[in-house]
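This report concerns only the one structure given below.
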Amino acid sequence: MSTIIQKLREYLDKAEEEQIRQLDQLVATTGLPVYKDPKTGALVWVDVRELRLRFQLSVNKIAKFVEGLSQEKLYYTVCKRCGAKYFPPQADCPRCKSSDMEWREVSREGELLTWTVINVKPASFAHNKDYVVGIVKMPEGFNITAWVDADPSTLRPGMKLRLIVGRRPGENYVTYWFKPA
Amino acid sequence: MRRVAVVGVGISKFGYRPDVSLPELAWEAVKEALDDARLDGKDIEAYVVGNVGGWSSEPLPAVVVGEYCGLAPSSGIRVEAACASGSSAVRTAYHMVASGEADIVMAIGVEKMNESPTPTVVEFIGRAGNYFWEFENFGLTFPGYYALHATAYMNKYGATEADLCEIAVKNHYYGSLNPKAQFQKPITLEECLKSRYVAWPLKLYDSSPITDGSAAVILASEEVAKKITDTPVWIKAIGAANGTSNLSRRDDFTGLEAARLAAQRAYKKAGIDPSEPVKYLDVAEVHDCFTIAEIMAYEDLGLAKRGEGYKLAREKQTYIGGVIPVNLSGGLKAKGHPIGATGVAMIAELTRQLRQEVERGRQAPIKKGMALAHNVGGTGHYAFVTILSL
(Lines give C-alpha, C1' and ligand atoms only; values in the text may rest on other atoms or scores of the structure.)
Protein backbone atom coordinates (compact mmCIF):
# COMPACT_ATOMS: atom_id res chain seq x y z
CA MET A 1 0.00 0.00 0.00
CA SER A 2 1.46 3.36 -0.98
CA THR A 3 2.05 6.14 1.56
CA ILE A 4 2.12 9.93 1.50
CA ILE A 5 5.66 9.88 0.07
CA GLN A 6 4.74 8.43 -3.33
CA LYS A 7 1.23 9.90 -3.27
CA LEU A 8 2.37 13.49 -2.71
CA ARG A 9 5.03 13.28 -5.41
CA GLU A 10 2.43 12.05 -7.93
CA TYR A 11 -0.05 14.73 -6.80
CA LEU A 12 2.46 17.58 -7.15
CA ASP A 13 3.71 16.28 -10.52
CA LYS A 14 0.16 16.10 -11.78
CA ALA A 15 -0.70 19.61 -10.54
CA GLU A 16 2.27 21.04 -12.46
CA GLU A 17 2.07 18.77 -15.51
CA GLU A 18 0.33 21.21 -17.83
CA GLN A 19 2.54 24.16 -16.84
CA ILE A 20 5.74 22.17 -17.37
CA ARG A 21 4.48 20.96 -20.76
CA GLN A 22 3.72 24.55 -21.84
CA LEU A 23 7.07 25.83 -20.58
CA ASP A 24 8.92 23.06 -22.39
CA GLN A 25 7.05 23.84 -25.60
CA LEU A 26 7.80 27.56 -25.23
CA VAL A 27 11.54 26.90 -24.91
CA ALA A 28 11.45 24.38 -27.80
CA THR A 29 9.75 26.93 -30.07
CA THR A 30 11.43 30.21 -29.13
CA GLY A 31 14.63 29.06 -27.46
CA LEU A 32 13.78 31.16 -24.40
CA PRO A 33 11.70 30.50 -21.24
CA VAL A 34 10.26 34.01 -21.51
CA TYR A 35 6.58 34.99 -21.61
CA LYS A 36 4.44 38.08 -21.18
CA ASP A 37 2.58 38.10 -17.85
CA PRO A 38 -1.08 38.14 -18.91
CA LYS A 39 -2.14 40.47 -16.06
CA THR A 40 0.49 43.18 -16.45
CA GLY A 41 2.23 42.56 -19.78
CA ALA A 42 5.55 42.38 -17.92
CA LEU A 43 8.25 40.12 -19.37
CA VAL A 44 9.00 37.16 -17.12
CA TRP A 45 11.82 34.57 -17.36
CA VAL A 46 10.72 31.26 -15.88
CA ASP A 47 13.52 29.48 -14.07
CA VAL A 48 14.94 26.63 -16.19
CA ARG A 49 16.40 25.10 -12.99
CA GLU A 50 14.12 23.43 -10.49
CA LEU A 51 14.95 23.10 -6.80
CA ARG A 52 13.27 20.27 -4.90
CA LEU A 53 13.73 20.26 -1.13
CA ARG A 54 13.32 17.37 1.29
CA PHE A 55 15.05 17.97 4.60
CA GLN A 56 16.67 15.36 6.84
CA LEU A 57 15.93 16.13 10.49
CA SER A 58 17.73 14.47 13.39
CA VAL A 59 15.45 12.69 15.85
CA ASN A 60 18.39 10.86 17.36
CA LYS A 61 18.15 12.45 20.80
CA ILE A 62 14.40 11.91 20.92
CA ALA A 63 14.64 8.28 19.76
CA LYS A 64 12.28 7.25 22.59
CA PHE A 65 9.60 9.50 21.08
CA VAL A 66 10.01 7.75 17.72
CA GLU A 67 9.96 4.33 19.41
CA GLY A 68 6.76 5.40 21.21
CA LEU A 69 5.08 6.33 17.91
CA SER A 70 5.88 2.88 16.50
CA GLN A 71 4.08 1.40 19.55
CA GLU A 72 1.21 3.90 19.12
CA LYS A 73 2.22 5.79 22.27
CA LEU A 74 3.12 9.44 22.75
CA TYR A 75 6.00 10.35 25.07
CA TYR A 76 7.07 13.56 26.81
CA THR A 77 10.15 14.28 28.90
CA VAL A 78 10.55 15.29 32.55
CA CYS A 79 13.79 16.77 33.84
CA LYS A 80 15.00 14.47 36.61
CA ARG A 81 16.68 17.37 38.39
CA CYS A 82 14.04 20.15 38.40
CA GLY A 83 10.86 18.32 37.32
CA ALA A 84 10.16 20.57 34.28
CA LYS A 85 7.91 18.77 31.77
CA TYR A 86 8.41 19.08 28.02
CA PHE A 87 6.10 18.46 25.13
CA PRO A 88 7.37 18.54 22.43
CA PRO A 89 9.87 16.35 24.28
CA GLN A 90 13.29 17.96 24.81
CA ALA A 91 16.50 16.08 25.39
CA ASP A 92 17.91 19.04 27.32
CA CYS A 93 16.47 21.16 30.15
CA PRO A 94 17.51 24.80 29.68
CA ARG A 95 16.06 25.65 33.11
CA CYS A 96 18.67 23.72 35.09
CA LYS A 97 21.06 22.84 32.25
CA SER A 98 20.63 19.11 32.86
CA SER A 99 20.29 16.52 30.11
CA ASP A 100 19.15 13.75 32.44
CA MET A 101 15.56 13.26 31.33
CA GLU A 102 12.88 10.72 32.13
CA TRP A 103 10.50 9.62 29.35
CA ARG A 104 6.82 9.31 30.29
CA GLU A 105 3.73 8.44 28.29
CA VAL A 106 1.29 11.33 27.66
CA SER A 107 -2.18 10.76 29.14
CA ARG A 108 -4.99 10.10 26.69
CA GLU A 109 -7.48 12.89 27.41
CA GLY A 110 -7.24 16.67 27.21
CA GLU A 111 -9.33 19.84 26.88
CA LEU A 112 -9.66 21.85 23.68
CA LEU A 113 -8.25 25.39 24.02
CA THR A 114 -8.66 26.71 20.47
CA TRP A 115 -8.95 25.50 16.89
CA THR A 116 -9.13 26.47 13.20
CA VAL A 117 -10.10 24.83 9.92
CA ILE A 118 -7.43 24.99 7.23
CA ASN A 119 -9.38 25.84 4.07
CA VAL A 120 -6.55 27.15 1.87
CA LYS A 121 -3.81 24.52 2.10
CA PRO A 122 -0.07 24.52 1.54
CA ALA A 123 1.14 22.70 -1.59
CA SER A 124 2.22 19.63 0.38
CA PHE A 125 -1.21 19.29 2.06
CA ALA A 126 -3.35 20.26 -0.93
CA HIS A 127 -4.39 16.63 -1.53
CA ASN A 128 -6.30 16.70 1.79
CA LYS A 129 -9.88 17.85 2.44
CA ASP A 130 -10.20 20.82 4.84
CA TYR A 131 -8.70 19.75 8.16
CA VAL A 132 -9.17 20.97 11.74
CA VAL A 133 -6.09 21.90 13.79
CA GLY A 134 -6.53 22.34 17.54
CA ILE A 135 -4.43 23.17 20.58
CA VAL A 136 -5.31 20.89 23.49
CA LYS A 137 -4.46 21.34 27.18
CA MET A 138 -3.25 18.08 28.73
CA PRO A 139 -3.53 17.19 32.46
CA GLU A 140 0.29 17.18 32.69
CA GLY A 141 0.18 20.96 32.17
CA PHE A 142 1.50 21.24 28.62
CA ASN A 143 -0.46 21.72 25.39
CA ILE A 144 -0.43 19.61 22.25
CA THR A 145 -1.11 20.89 18.73
CA ALA A 146 -2.66 18.28 16.40
CA TRP A 147 -5.49 17.58 13.97
CA VAL A 148 -8.93 17.17 15.51
CA ASP A 149 -10.99 14.49 13.76
CA ALA A 150 -14.43 16.05 14.26
CA ASP A 151 -17.08 18.19 12.59
CA PRO A 152 -15.79 21.69 13.49
CA SER A 153 -19.31 22.99 14.17
CA THR A 154 -19.53 20.59 17.15
CA LEU A 155 -16.35 21.91 18.81
CA ARG A 156 -16.49 24.02 21.98
CA PRO A 157 -13.74 25.49 24.15
CA GLY A 158 -13.01 23.18 27.10
CA MET A 159 -14.42 20.17 25.28
CA LYS A 160 -12.85 16.81 26.25
CA LEU A 161 -10.81 15.19 23.48
CA ARG A 162 -9.13 11.80 23.26
CA LEU A 163 -5.58 11.42 21.96
CA ILE A 164 -5.04 8.83 19.23
CA VAL A 165 -1.66 7.60 17.97
CA GLY A 166 -1.65 5.60 14.78
CA ARG A 167 -1.32 5.58 11.01
CA ARG A 168 -3.11 8.62 9.57
CA PRO A 169 -5.79 7.47 7.15
CA GLY A 170 -4.92 8.39 3.57
CA GLU A 171 -1.29 9.26 4.34
CA ASN A 172 -0.44 5.95 6.02
CA TYR A 173 2.36 7.03 8.36
CA VAL A 174 2.24 7.14 12.16
CA THR A 175 1.32 10.42 13.80
CA TYR A 176 -1.14 11.58 16.50
CA TRP A 177 -4.49 13.35 16.52
CA PHE A 178 -7.51 14.03 18.71
CA LYS A 179 -11.12 12.84 18.59
CA PRO A 180 -14.09 13.89 20.70
CA ALA A 181 -13.95 11.78 23.90
CA MET B 1 24.26 56.10 23.01
CA ARG B 2 23.85 58.96 20.51
CA ARG B 3 20.50 60.31 19.32
CA VAL B 4 19.46 58.94 15.92
CA ALA B 5 17.19 60.61 13.36
CA VAL B 6 15.37 59.45 10.25
CA VAL B 7 16.54 61.82 7.51
CA GLY B 8 15.25 60.18 4.35
CA VAL B 9 12.50 57.71 3.45
CA GLY B 10 11.29 55.86 0.36
CA ILE B 11 8.63 53.28 -0.46
CA SER B 12 8.07 51.44 -3.75
CA LYS B 13 4.65 50.81 -5.19
CA PHE B 14 3.39 47.69 -3.36
CA GLY B 15 1.55 44.91 -5.15
CA TYR B 16 2.03 42.27 -7.84
CA ARG B 17 5.29 43.42 -9.44
CA PRO B 18 6.46 41.06 -12.21
CA ASP B 19 7.71 44.24 -13.95
CA VAL B 20 10.82 44.42 -11.74
CA SER B 21 13.52 42.13 -10.36
CA LEU B 22 14.34 42.10 -6.64
CA PRO B 23 17.23 44.62 -6.84
CA GLU B 24 15.26 46.85 -9.25
CA LEU B 25 12.40 46.82 -6.75
CA ALA B 26 14.79 47.73 -3.91
CA TRP B 27 16.20 50.59 -6.02
CA GLU B 28 12.76 52.25 -6.25
CA ALA B 29 12.75 52.77 -2.47
CA VAL B 30 16.50 53.39 -2.15
CA LYS B 31 16.41 56.12 -4.81
CA GLU B 32 13.40 57.81 -3.22
CA ALA B 33 15.11 57.78 0.20
CA LEU B 34 18.39 59.14 -1.23
CA ASP B 35 16.49 61.91 -3.05
CA ASP B 36 14.50 62.68 0.09
CA ALA B 37 17.72 63.12 2.09
CA ARG B 38 19.58 64.70 -0.87
CA LEU B 39 22.35 62.11 -0.51
CA ASP B 40 24.17 59.75 -2.89
CA GLY B 41 24.90 56.06 -2.50
CA LYS B 42 28.51 56.84 -1.60
CA ASP B 43 27.31 58.77 1.48
CA ILE B 44 25.79 55.61 2.96
CA GLU B 45 28.40 54.13 5.32
CA ALA B 46 26.56 50.87 5.93
CA TYR B 47 23.26 49.25 5.00
CA VAL B 48 21.05 46.55 6.48
CA VAL B 49 18.60 44.57 4.36
CA GLY B 50 15.46 43.01 5.82
CA ASN B 51 14.40 40.10 3.63
CA VAL B 52 12.94 36.70 4.40
CA GLY B 53 13.13 35.06 0.99
CA GLY B 54 12.84 31.37 0.23
CA TRP B 55 10.11 32.15 -2.30
CA SER B 56 12.50 34.34 -4.31
CA SER B 57 15.58 33.32 -6.28
CA GLU B 58 18.31 35.33 -4.54
CA PRO B 59 19.69 33.62 -1.43
CA LEU B 60 22.02 36.55 -0.59
CA PRO B 61 19.81 39.59 -1.22
CA ALA B 62 21.91 42.12 0.71
CA VAL B 63 24.85 41.66 -1.64
CA VAL B 64 22.68 41.76 -4.76
CA VAL B 65 20.83 44.90 -3.58
CA GLY B 66 24.04 46.63 -2.49
CA GLU B 67 25.66 45.99 -5.88
CA TYR B 68 22.65 47.16 -7.91
CA CYS B 69 22.00 50.27 -5.81
CA GLY B 70 25.66 51.38 -5.79
CA LEU B 71 26.04 50.90 -2.04
CA ALA B 72 28.99 48.48 -2.15
CA PRO B 73 31.79 48.56 -0.92
CA SER B 74 29.98 49.89 2.18
CA SER B 75 29.25 47.16 4.68
CA GLY B 76 25.93 45.44 4.11
CA ILE B 77 24.18 42.54 5.79
CA ARG B 78 20.80 40.83 5.61
CA VAL B 79 18.80 40.41 8.83
CA GLU B 80 15.77 38.21 9.49
CA ALA B 81 12.97 38.51 12.03
CA ALA B 82 10.18 36.96 9.94
CA CYS B 83 7.48 39.56 9.18
CA ALA B 84 9.36 41.98 11.45
CA SER B 85 12.60 41.69 9.46
CA GLY B 86 12.15 45.33 8.41
CA SER B 87 12.04 46.50 12.02
CA SER B 88 15.09 44.42 12.84
CA ALA B 89 16.89 46.11 9.93
CA VAL B 90 15.93 49.53 11.30
CA ARG B 91 17.02 48.46 14.79
CA THR B 92 20.42 47.20 13.59
CA ALA B 93 20.96 50.41 11.60
CA TYR B 94 19.90 52.41 14.68
CA HIS B 95 22.49 50.61 16.81
CA MET B 96 25.24 51.32 14.26
CA VAL B 97 24.52 55.05 14.42
CA ALA B 98 23.71 55.25 18.15
CA SER B 99 26.94 53.44 19.05
CA GLY B 100 29.04 55.88 17.04
CA GLU B 101 30.22 53.25 14.56
CA ALA B 102 28.72 55.17 11.63
CA ASP B 103 27.01 58.50 10.97
CA ILE B 104 24.74 57.55 8.05
CA VAL B 105 23.20 54.08 7.70
CA MET B 106 20.38 52.86 5.46
CA ALA B 107 17.82 50.22 6.39
CA ILE B 108 16.23 48.57 3.36
CA GLY B 109 13.36 46.11 3.34
CA VAL B 110 12.58 44.18 0.17
CA GLU B 111 10.51 41.14 -0.67
CA LYS B 112 9.49 39.52 -3.95
CA MET B 113 6.93 36.96 -2.89
CA ASN B 114 5.44 36.53 -6.35
CA GLU B 115 8.55 34.83 -7.74
CA SER B 116 6.86 31.62 -6.55
CA PRO B 117 3.33 30.35 -7.14
CA THR B 118 0.82 30.95 -4.32
CA PRO B 119 0.69 27.35 -2.96
CA THR B 120 4.49 27.45 -2.52
CA VAL B 121 4.28 30.81 -0.71
CA VAL B 122 1.49 29.39 1.52
CA GLU B 123 3.79 26.42 2.21
CA PHE B 124 6.79 28.64 3.09
CA ILE B 125 4.83 30.87 5.48
CA GLY B 126 3.07 27.87 6.99
CA ARG B 127 6.47 26.37 7.79
CA ALA B 128 7.34 29.57 9.69
CA GLY B 129 6.10 28.42 13.09
CA ASN B 130 7.94 25.49 14.58
CA TYR B 131 8.52 23.32 11.54
CA PHE B 132 8.49 19.76 12.87
CA TRP B 133 5.81 20.12 15.56
CA GLU B 134 3.38 22.37 13.71
CA PHE B 135 3.84 21.91 9.97
CA GLU B 136 5.30 18.50 9.10
CA ASN B 137 2.34 16.62 10.54
CA PHE B 138 -0.38 19.24 10.80
CA GLY B 139 0.02 21.56 7.80
CA LEU B 140 -0.68 24.81 9.59
CA THR B 141 -0.79 27.92 7.45
CA PHE B 142 -0.13 31.50 8.43
CA PRO B 143 -3.81 32.42 8.47
CA GLY B 144 -4.20 29.23 10.54
CA TYR B 145 -1.87 30.45 13.31
CA TYR B 146 -3.81 33.71 13.60
CA ALA B 147 -7.13 31.89 13.26
CA LEU B 148 -6.23 29.91 16.42
CA HIS B 149 -6.02 33.31 18.13
CA ALA B 150 -9.24 34.58 16.52
CA THR B 151 -11.21 31.53 17.73
CA ALA B 152 -9.86 31.92 21.28
CA TYR B 153 -10.46 35.70 21.30
CA MET B 154 -13.99 35.50 19.94
CA ASN B 155 -14.94 32.69 22.35
CA LYS B 156 -13.57 34.56 25.34
CA TYR B 157 -14.78 38.09 24.64
CA GLY B 158 -17.77 37.67 22.33
CA ALA B 159 -16.26 39.56 19.38
CA THR B 160 -17.86 38.68 16.03
CA GLU B 161 -16.64 38.13 12.47
CA ALA B 162 -18.25 41.52 11.69
CA ASP B 163 -16.06 43.20 14.33
CA LEU B 164 -12.99 41.72 12.60
CA CYS B 165 -14.26 42.92 9.22
CA GLU B 166 -14.50 46.49 10.59
CA ILE B 167 -10.68 46.50 10.58
CA ALA B 168 -10.59 45.39 6.93
CA VAL B 169 -13.11 48.09 5.94
CA LYS B 170 -11.10 50.82 7.69
CA ASN B 171 -7.76 49.72 6.26
CA HIS B 172 -9.10 49.34 2.71
CA TYR B 173 -10.60 52.83 3.04
CA TYR B 174 -7.24 54.38 3.95
CA GLY B 175 -5.43 52.16 1.44
CA SER B 176 -7.66 53.63 -1.27
CA LEU B 177 -6.15 57.05 -0.42
CA ASN B 178 -2.55 55.79 -0.56
CA PRO B 179 -1.22 55.60 -4.13
CA LYS B 180 1.51 53.14 -3.05
CA ALA B 181 -1.02 50.65 -1.61
CA GLN B 182 -1.67 47.28 -3.27
CA PHE B 183 -5.45 47.65 -2.97
CA GLN B 184 -6.91 50.92 -4.22
CA LYS B 185 -10.61 50.27 -3.60
CA PRO B 186 -12.68 50.65 -0.44
CA ILE B 187 -14.70 47.57 0.53
CA THR B 188 -17.99 47.16 2.40
CA LEU B 189 -18.59 45.17 5.56
CA GLU B 190 -20.84 42.87 3.55
CA GLU B 191 -18.16 42.15 0.94
CA CYS B 192 -15.77 41.23 3.75
CA LEU B 193 -18.31 39.00 5.50
CA LYS B 194 -19.16 37.24 2.24
CA SER B 195 -15.56 36.46 1.29
CA ARG B 196 -14.49 32.80 1.47
CA TYR B 197 -12.77 31.28 4.49
CA VAL B 198 -9.03 30.77 4.23
CA ALA B 199 -8.61 29.47 7.78
CA TRP B 200 -11.91 29.53 9.62
CA PRO B 201 -12.90 31.89 11.24
CA LEU B 202 -10.63 34.10 9.11
CA LYS B 203 -11.72 34.95 5.59
CA LEU B 204 -9.91 36.21 2.51
CA TYR B 205 -10.77 39.84 3.39
CA ASP B 206 -9.45 39.35 6.94
CA SER B 207 -6.04 38.62 5.42
CA SER B 208 -3.16 40.67 4.10
CA PRO B 209 -2.19 39.76 0.54
CA ILE B 210 0.95 38.26 -0.99
CA THR B 211 2.96 41.33 -1.96
CA ASP B 212 6.10 42.47 -3.74
CA GLY B 213 7.50 45.71 -2.39
CA SER B 214 10.39 47.61 -0.88
CA ALA B 215 11.04 50.44 1.57
CA ALA B 216 14.14 52.31 2.71
CA VAL B 217 14.99 54.71 5.52
CA ILE B 218 18.21 56.62 6.08
CA LEU B 219 19.30 57.09 9.68
CA ALA B 220 21.84 59.69 10.81
CA SER B 221 23.54 60.88 13.96
CA GLU B 222 22.28 64.15 15.49
CA GLU B 223 25.18 66.23 14.21
CA VAL B 224 24.85 64.94 10.64
CA ALA B 225 21.03 64.92 10.67
CA LYS B 226 20.89 68.63 11.43
CA LYS B 227 23.03 69.32 8.36
CA ILE B 228 20.87 67.15 6.11
CA THR B 229 17.35 68.19 7.07
CA ASP B 230 15.26 70.80 8.89
CA THR B 231 12.75 68.15 9.92
CA PRO B 232 14.60 65.24 11.49
CA VAL B 233 12.32 62.60 12.96
CA TRP B 234 13.95 61.05 16.02
CA ILE B 235 13.93 57.40 16.92
CA LYS B 236 12.97 57.79 20.55
CA ALA B 237 12.89 54.12 21.50
CA ILE B 238 12.82 50.62 20.08
CA GLY B 239 11.43 47.85 22.26
CA ALA B 240 11.93 44.26 21.15
CA ALA B 241 10.95 40.86 22.49
CA ASN B 242 10.47 37.26 21.36
CA GLY B 243 7.84 34.64 22.07
CA THR B 244 7.96 30.86 21.61
CA SER B 245 8.15 29.44 18.09
CA ASN B 246 5.66 26.69 18.95
CA LEU B 247 2.23 28.10 19.78
CA SER B 248 1.44 25.11 21.99
CA ARG B 249 4.15 26.36 24.37
CA ARG B 250 1.92 29.34 25.19
CA ASP B 251 -1.08 29.48 27.50
CA ASP B 252 -2.92 32.47 26.12
CA PHE B 253 -4.21 32.93 22.58
CA THR B 254 -6.04 36.24 23.03
CA GLY B 255 -2.95 38.44 22.71
CA LEU B 256 0.77 38.31 21.95
CA GLU B 257 3.06 38.35 24.99
CA ALA B 258 6.06 39.42 22.88
CA ALA B 259 4.17 42.50 21.68
CA ARG B 260 3.18 43.42 25.23
CA LEU B 261 6.81 43.14 26.37
CA ALA B 262 8.13 45.09 23.38
CA ALA B 263 5.60 47.87 24.10
CA GLN B 264 6.52 48.01 27.79
CA ARG B 265 10.21 48.26 26.91
CA ALA B 266 9.62 50.98 24.30
CA TYR B 267 7.27 53.00 26.55
CA LYS B 268 9.76 52.91 29.41
CA LYS B 269 12.58 54.15 27.23
CA ALA B 270 10.43 56.84 25.60
CA GLY B 271 8.95 58.04 28.91
CA ILE B 272 5.40 57.10 27.90
CA ASP B 273 2.94 56.18 30.66
CA PRO B 274 1.96 52.60 29.69
CA SER B 275 -1.53 53.04 31.14
CA GLU B 276 -2.31 55.92 28.78
CA PRO B 277 -0.17 55.75 25.62
CA VAL B 278 -2.84 57.48 23.50
CA LYS B 279 -2.14 60.69 25.46
CA TYR B 280 1.31 60.79 23.87
CA LEU B 281 0.68 59.49 20.36
CA ASP B 282 -0.79 61.14 17.26
CA VAL B 283 -0.87 58.07 15.04
CA ALA B 284 0.13 54.39 14.94
CA GLU B 285 0.95 51.77 12.32
CA VAL B 286 0.24 48.30 13.69
CA HIS B 287 0.82 44.81 12.34
CA ASP B 288 -2.55 43.88 10.82
CA CYS B 289 -1.43 40.83 8.84
CA PHE B 290 -4.93 39.62 9.77
CA THR B 291 -7.79 41.66 11.17
CA ILE B 292 -7.58 39.83 14.53
CA ALA B 293 -3.92 40.91 14.74
CA GLU B 294 -4.89 44.60 14.72
CA ILE B 295 -7.45 44.02 17.47
CA MET B 296 -4.90 42.18 19.60
CA ALA B 297 -2.40 44.98 18.88
CA TYR B 298 -4.79 47.57 20.35
CA GLU B 299 -4.76 45.60 23.61
CA ASP B 300 -1.10 44.57 23.62
CA LEU B 301 -0.13 48.24 23.13
CA GLY B 302 -2.52 49.46 25.82
CA LEU B 303 -4.66 51.47 23.37
CA ALA B 304 -7.60 49.44 24.72
CA LYS B 305 -8.10 47.29 27.83
CA ARG B 306 -7.77 43.50 27.54
CA GLY B 307 -10.91 42.13 25.91
CA GLU B 308 -12.03 45.53 24.62
CA GLY B 309 -9.94 45.96 21.49
CA TYR B 310 -12.81 44.85 19.26
CA LYS B 311 -14.93 47.68 20.68
CA LEU B 312 -12.47 50.25 19.31
CA ALA B 313 -13.07 48.64 15.91
CA ARG B 314 -16.84 48.42 16.36
CA GLU B 315 -17.03 52.10 17.45
CA LYS B 316 -14.67 53.19 14.63
CA GLN B 317 -12.32 54.81 17.16
CA THR B 318 -9.20 54.16 15.10
CA TYR B 319 -10.19 56.36 12.15
CA ILE B 320 -8.91 59.95 12.02
CA GLY B 321 -10.90 61.82 14.68
CA GLY B 322 -11.18 58.79 16.98
CA VAL B 323 -9.20 57.85 20.07
CA ILE B 324 -6.12 57.22 17.92
CA PRO B 325 -5.87 56.81 14.14
CA VAL B 326 -4.32 53.46 13.21
CA ASN B 327 -2.95 52.25 9.87
CA LEU B 328 -3.63 55.35 7.79
CA SER B 329 -1.35 53.79 5.15
CA GLY B 330 -3.91 51.04 4.64
CA GLY B 331 -1.92 48.74 6.89
CA LEU B 332 -0.62 45.36 5.84
CA LYS B 333 -4.22 44.52 4.98
CA ALA B 334 -4.60 47.00 2.10
CA LYS B 335 -1.18 48.55 1.53
CA GLY B 336 0.17 45.01 1.25
CA HIS B 337 2.66 42.94 3.23
CA PRO B 338 5.98 42.35 1.46
CA ILE B 339 7.30 40.48 4.52
CA GLY B 340 10.81 41.96 4.86
CA ALA B 341 9.78 45.46 3.74
CA THR B 342 6.83 45.95 6.08
CA GLY B 343 8.72 47.16 9.17
CA VAL B 344 10.79 49.66 7.14
CA ALA B 345 7.65 50.87 5.36
CA MET B 346 6.01 51.56 8.75
CA ILE B 347 8.90 53.85 9.76
CA ALA B 348 8.83 55.57 6.34
CA GLU B 349 5.06 56.11 6.61
CA LEU B 350 5.18 57.47 10.17
CA THR B 351 8.09 59.79 9.30
CA ARG B 352 5.91 61.24 6.54
CA GLN B 353 2.93 61.44 8.91
CA LEU B 354 5.00 63.38 11.48
CA ARG B 355 6.33 65.68 8.72
CA GLN B 356 2.67 66.13 7.65
CA GLU B 357 3.32 65.26 4.05
CA VAL B 358 1.05 62.30 3.27
CA GLU B 359 -1.91 62.44 0.88
CA ARG B 360 -5.12 64.30 1.68
CA GLY B 361 -7.68 62.38 3.68
CA ARG B 362 -5.16 60.15 5.40
CA GLN B 363 -2.95 62.70 7.18
CA ALA B 364 -3.30 62.42 10.97
CA PRO B 365 -3.50 65.72 12.85
CA ILE B 366 -0.03 66.08 14.41
CA LYS B 367 -0.35 67.75 17.81
CA LYS B 368 1.83 65.77 20.21
CA GLY B 369 4.58 64.93 17.75
CA MET B 370 4.87 61.22 18.50
CA ALA B 371 4.03 58.10 16.51
CA LEU B 372 4.24 54.36 17.14
CA ALA B 373 5.10 51.40 14.91
CA HIS B 374 4.15 47.87 16.04
CA ASN B 375 5.68 45.14 13.88
CA VAL B 376 5.21 41.47 14.69
CA GLY B 377 7.24 38.62 13.23
CA GLY B 378 5.47 35.32 12.91
CA THR B 379 2.61 34.96 15.38
CA GLY B 380 4.32 36.86 18.16
CA HIS B 381 7.58 35.03 17.55
CA TYR B 382 9.20 38.45 17.31
CA ALA B 383 7.83 41.87 18.22
CA PHE B 384 9.23 45.36 17.76
CA VAL B 385 7.65 48.58 18.98
CA THR B 386 9.33 51.73 17.69
CA ILE B 387 8.52 55.23 18.93
CA LEU B 388 9.26 58.18 16.64
CA SER B 389 9.10 61.83 17.62
CA LEU B 390 9.56 65.26 16.11
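These numbers come from the heavy atoms of this one structure, side chains and all, not from hydrogens, waters or symmetry mates. Chain naming here is simple, since letters A, B, ... match the order of the sequence lines and numbering starts at 1 in each.
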A:K97 and A:D92 ion-paired at < 4.0 Å: no
Contact winner vs chain A - B:P201, B:A152, B:S248, heavy-atom pairs under 4.5 Å: B:S248
Atom group of A:T175 that falls short of 4.5 Å from chain B, counting heavy atoms: side chain
Contact class of A:A146 relative to chain B, heavy atoms under 4.5 angstrom: both
Interchain contact, A:V44 with chain B, by part (heavy-atom threshold 4.5 Å): side chain
A:T40, part contacting chain B, at a heavy-atom distance under 4.5 Å: side chain
Aromatic B:Y16 / basic A:K39 pairing, under 6.0 angstrom, 45° off normal: yes
Any donor-acceptor N or O pair under 3.5 Å, side chains A:E102, A:Y76: no
Ring-face cation of A:K64 near A:Y75 (centre distance under 6.0 Å, axis angle within 45°): yes
Under 4.5 Å from a heavy atom of chain B, the part of A:I4 involved: neither
Cationic tip of A:R156 above A:W115 ring, under 6.0 Å, 45° of axis: no
Residue B:Y145 versus chain A: region with a heavy atom under 4.5 Å: neither
Heavy-atom pair count under 4.5 Å with chain B, highest-scoring of A:F142, A:F55, A:Y86, A:Y173: A:Y173
Contact winner vs chain A - B:V198, B:L140, B:V122, heavy-atom pairs under 4.5 Å: B:V198
Check SG atoms, A:C82 and A:C96, less than 2.5 Å apart: no
Carboxylate-amine/guanidinium contact B:R260 B:D252, below 4.0 Å: yes
SB check B:E28 B:K13 (cutoff 4.0 Å): no
Which portion of B:N246 sits near chain A, non-hydrogen atoms under 4.5 angstrom: side chain
Side chain, backbone, both or neither of B:E115 within contact of chain A (heavy atoms, under 4.5 Å): neither
Check: B:L164 and B:M154 side chains under 4.5 Å, non-hydrogen atoms: yes
Side chains of B:E123 and A:S124, donor plus acceptor under 3.5 Å: yes
Option in B:T120, B:V20, B:N155 with maximal non-hydrogen atom pairs under 4.5 Å from chain A: B:N155
Toward chain A, the part of B:F138 with a non-hydrogen atom under 4.5 Å: both
Closest-packed option against chain A by number of heavy-atom pairs under 4.5 Å, given B:L247, B:N137, B:D19, B:T141: B:N137
Heavy-atom pair count under 4.5 Å with chain A, highest-scoring of B:P119, B:A147, B:G139: B:G139
A:L57 versus chain B, the contacting section by heavy-atom distance below 4.5 Å: side chain
Chain A contact via B:R17 - side chain, backbone, both or neither, heavy atoms under 4.5 Å: neither
Parallel, tilted or perpendicular: ring planes of B:Y205 versus B:H172, cut at 30 and 60 degrees: parallel
